[in-house]
Amino acid sequence: MSACPRVAYFCMEYGLDPAFPIYAGGLGILAGDHMKSVGDLRVPLTGIGLLWDEGYTRQVLGKGGALEDQYPKTARDAVRRVDARVEVTIKGKKVPLRAWKVERYVTSDLYLLEPEREGDRWITQRLYGGGTEDRLAQEIVLGVGGVRLIDELGIDADVYHFNEGHAVFAGLELLRSGKFGGTSLAQKVAKLKKHIVFTTHTPVPAGNEVHGLDIMRTMDADCGFSDKDLATIGGDPFSMTVAGLRLARIANGVAELHGETARAMWKDVKGAAPILSITNGVHVPTWQDARIRAALVPDKKRVVQDAQLWEAHQTMKQELIAEIEKRNKVKLSLDKLLIGFARRAATYKRADLIISDDKALKKLLDQGVQIVYSGKAHPKDTGGKALIGKIVEATKKYKKHVVFLENYDMTLGALLTRGTDIWLNNPRRPLEASGTSGMKAAMNGVPNLSILDGWWPEGCQHGVTGWKIGDPDPKDDALHEKDTARIDTRDRTLLFKALDKDVLPAFGNRAKWVNIMRASIEMSEWQFSSDRMIEDYVAKIYRPSSGR
Ligand SMILES: *Cc1c(COP(=O)(O)O)cnc(C)c1O
């Protein structure tokens with residue numbers, strides 16, 4: 001793509017392939033798809049990340065039914081050492097770093113850093129593991145180490161893209177190095193700003209990282225900033241999101257609605273970059289099954305396409321059913337509606353919404369509905385683990401109808417978004433920033449049934465491309481944390497109503513259903529592809545004229 005300046009892209013995690021688990025969830029998958037599309041479209045962008053020694057948890061159900069976290073070593077057959085060394089200072093100690101280049105899965109340039117010495121490897125041991133000091137050490141390696149690596153590799157980056165606040169140390173390093181000039185802090189920031197863009201990903205306040213100034217300074221001992229300077233950049237305590245917004249020329253949320261939410265959330269931050277919306281997308285060759293593409297090639301009659309589309313879907317559903325039988329010893333039916341729900345076990349996503357009213361659930365299951373779940377909780381998130389516990393209870397009670405697949409990863413993500421009949425999403429609006437799994441489902445002919453949150457207000461034509469669960473009441477968007485009981489009860493009623501009145505009747509009519517599958521694919525293939533997303537990033541964010 002022409003006229004795009006050189007970009008250096010920073011992210012803590014990359015979801016490239018199930019065999020290379022240096023990702024935890026949506027943020028990583030998005031970054032992986034970003035790198036894949038950048039390669040396909042030949043955008044001059046270099047990615048920087050960390051080589052996690054053990055990656056994220058492999059989470060399984062133990063004998064007693066409790067979740068166990070396992071940490072297998074990350075295989076290194078997809079990376080090659082490069083001849084580039086840099087050094088950072090962490091807690092006053094020099095930490096030499098080495099770099100690896102990812103050789104598989106992407107055609108773009110992606111470098112991963114790790115400490116050279118065994119004794120410093122605690123820093124990159126586990127993605128999102130450890131406490132505050134570990135987190136800050138990781139972010140120093142990513143940000144400070146990343147900026148130095150870009151220089152060491154001789155890459156003349158003009159734009160530095162911080163994908164989430166984890167990369168803010170890169171901004172501190174660029175200020176410290178004086179790379180873009182200026183004498184006073186205000187001048188330096190003004191000059192630096194022209195080169196930084198920032199993507200924020202979470203409307204959940206707790207998801208926005210904050211640290212005391214003292215620990216920021218202890219960890220980043222060659223910091224070079226006074227407390228006053230640090231507070232000017234990120235506030236006191238230091239907020240990574242506030243700093244990202246203040247250091248950037250332009251920022252973005254990851255769906256139209258999320259952009260709005262983020263603008264409201266950060267409106268009082270003085271000196272913040274304007275926040276646009278660039279809706280996420282997924283890498284079509286990775287996430288759309290080739291059989292779906294084959295069914296819909298244009299030189300066939302519509303009836304032939306429809307027949308092949310249905311055939312392809314049934315085959316993929318059968319593959320999922322076979323995998324469930326292999327893993328869980330439960331045989332689901334090919335003919336009955338199969339609802340899919342797979343996500344991180346964050347409470348706002350309400351995985352338990354549909355199973356919390358036993359009478360309504362029983363009635364639904366008696367109508368032949370089946371539900372397949374998957375999910376992972378952060379190893380320290382007891383609330384998330386309890387949520388999975390609740391699902392596991394439901395699978396015991398309704399053995400033939402409700403199943404839970406352990407260790408949600410890219411393999412299951414792909415299998416489930418191809419092989420289910422509908423994709424359910426019922427977060428507390430507006431807390432789902434985007435939600436890319438629904439896009440994967442949509443482009444495989446698995447229509448979404450979802451609250452109008454994240455990307456879905458942009459993709460939903462009710463009854464045509466899928467279904468909404470009720471209409472949002474903007475008043476409630478502000479109340480989602482105070483008034484959860486009422487909102488949850490209301491949304492649950494609306495969910496059962498949508499299943500009963502909209503989804504089940506449509507599923508009973510093959511011709512109608514196939515039309516919805518088609519509309520879902522046509523709606524999503526381009527609009528929610530990472531190619532479209534990259535074109536937007538180039539046009540609206542990366543180009544130097546944008547946001548000035
Ligand atoms: C796509 C995907 C996600 C992100 O999906 P959400 O809809 O944002 O929950 C997370 N984890 C895996 C393994 C995925 O494949």
Side-chain angles (χ1 to χ4, degrees), residues 11-34 36 55-59 105 127-128 163-164 199 201-204 207 253-255 257-258 279-289 320 339-351 353 372-378 384 387-388 405-420 422-444 446-456 458-459 466 524 528-530 533:
C11 191
M12 268 302 222
E13 45 168 317
Y14 289 90
L16 299 166
D17 191 86
F20 193 39
I22 56 164
Y23 66 93
L27 179 71
I29 310 277
L30 177 79
D33 285 357
H34 198 102
K36 287 177 184 176
Y56 197 55
T57 171
R58 211 186 87 80
Q59 195 169 68
Y105 319 125
L127 173 59
Y128 305 133
N163 194 37
E164 211 18 303
T199 305
H201 287 266
T202 176
V204 183
V254 292
L257 175 63
H258 176 233
T279 304
N280 284 343
V282 298
H283 188 244
V284 178
T286 300
W287 295 108
Q288 185 184 51
D289 196 282
L320 172 61
I339 300 177
F341 188 106
R343 291 161 206 284
R344 275 188 306 115
T347 33
Y348 77 85
K349 293 185 184 247
R350 300 189 293 192
L353 196 70
V372 54
Y373 275 106
S374 189
K376 225 182 227 185
H378 184 279
L387 200 54
I388 292 181
L405 296 171
E406 60 191 6
N407 194 41
Y408 180 41
D409 65 354
M410 286 178 79
T411 303
L412 280 180
L415 202 63
L416 289 164
T417 54
R418 285 163 162 87
T420 50
I422 58 167
W423 197 249
L424 175 63
N425 194 16
N426 46 232
R428 271 184 209 128
R429 183 181 147 119
L431 296 180
E432 181 85 308
S434 174
T436 52
S437 61
M439 303 173 184
K440 302 168 194 166
M443 59 182 67
N444 281 299
V446 176
N448 282 257
L449 168 63
S450 170
I451 297 273
L452 284 172
D453 197 8
W455 73 288
W456 192 228
E458 296 161 62
S524 56
F528 299 103
S529 70
S530 49
M533 173 180 80

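This one's a predicted model, so the numbers in the text were calculated from it and none came from an experiment. Each ligand, and each atom within it, is numbered from 1 in the order the structure gives. The figures here come from the full heavy-atom set of this structure, side chains too, leaving out hydrogens, waters and symmetry mates.
Put simply, CG on Asn448 and CH2 on Trp456 are 4.5 Å apart, with the number rounded to the nearest 0.5 Å. One finds the CD1 atom of Ile451 at 11.0 Å from the CG atom of Leu431 (value rounded to the nearest 0.5 Å). Note that CG of Asn426 is 12.0 Å distant from OH of Tyr348, once rounded to the nearest 0.5 Å. Note that the NZ atom of Lys440 and the OG atom of Ser524 stand 13.0 Å from one another [nearest 0.5 Å].
Heavy-atom contacts of Met410 reach the following atoms of ligand 1: 13 (C) (cutoff under 4.0 Å). Ligand-side atoms of ligand 1 in range of Asp409: 13 (C), range being under 4.0 angstrom from any heavy atom. Listed by number with element, the atoms of ligand 1 under 4.0 Å from a non-hydrogen atom of Trp287 are 15 (O). Of all atoms in ligand 1, numbered sequentially from 1 with element shown, those under 4.0 Å from a heavy atom of Arg343 are 7 (O), 9 (O).
Distances between N or O atoms of Thr436 and those of ligand 1 include at least one value under 3.5 Å.
Using a 4.0 Å cut-off between heavy atoms, Lys440 contacts ligand 1 through its side chain alone, with no backbone atom that close. Here Ile29 has side-chain heavy atoms under 4.0 Å from ligand 1, and that is the only part of it that gets that close.
Taking the side chain as every heavy atom from C-beta outward, Asp409 and Pro21 never approach each other to under 4.5 Å.
Looking only at atom types and distance, the side chain of Lys36 has a donor-acceptor partner in the side chain of Thr286 under 3.5 Å away. Residues Trp423 and Ser437 have side chains that bring a donor and an acceptor to within less than 3.5 angstrom of each other.
In terms of protein heavy atoms, atom 10 (C) of ligand 1 is closest to Gly26 N, 3.6 Å. The protein heavy atom nearest to atom 11 (N) of ligand 1 is Tyr408 CE2, 3.4 Å. From the protein, the heavy atom lying nearest to atom 7 (O) of ligand 1 is Ser437 OG, 2.5 Å.
Remark: distances from the non-hydrogen atoms of Lys349 to ligand 1 include one below 4.0 Å.
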- Ser434 vs Asn280, side-chain hydrogen bond (donor to acceptor under 3.5 Å, both in side chains): CA-CA, chis, key distance, verdict: CA-CA 7 Å; Ser434 174; Asn280 284 343; 3.3 Å; yes

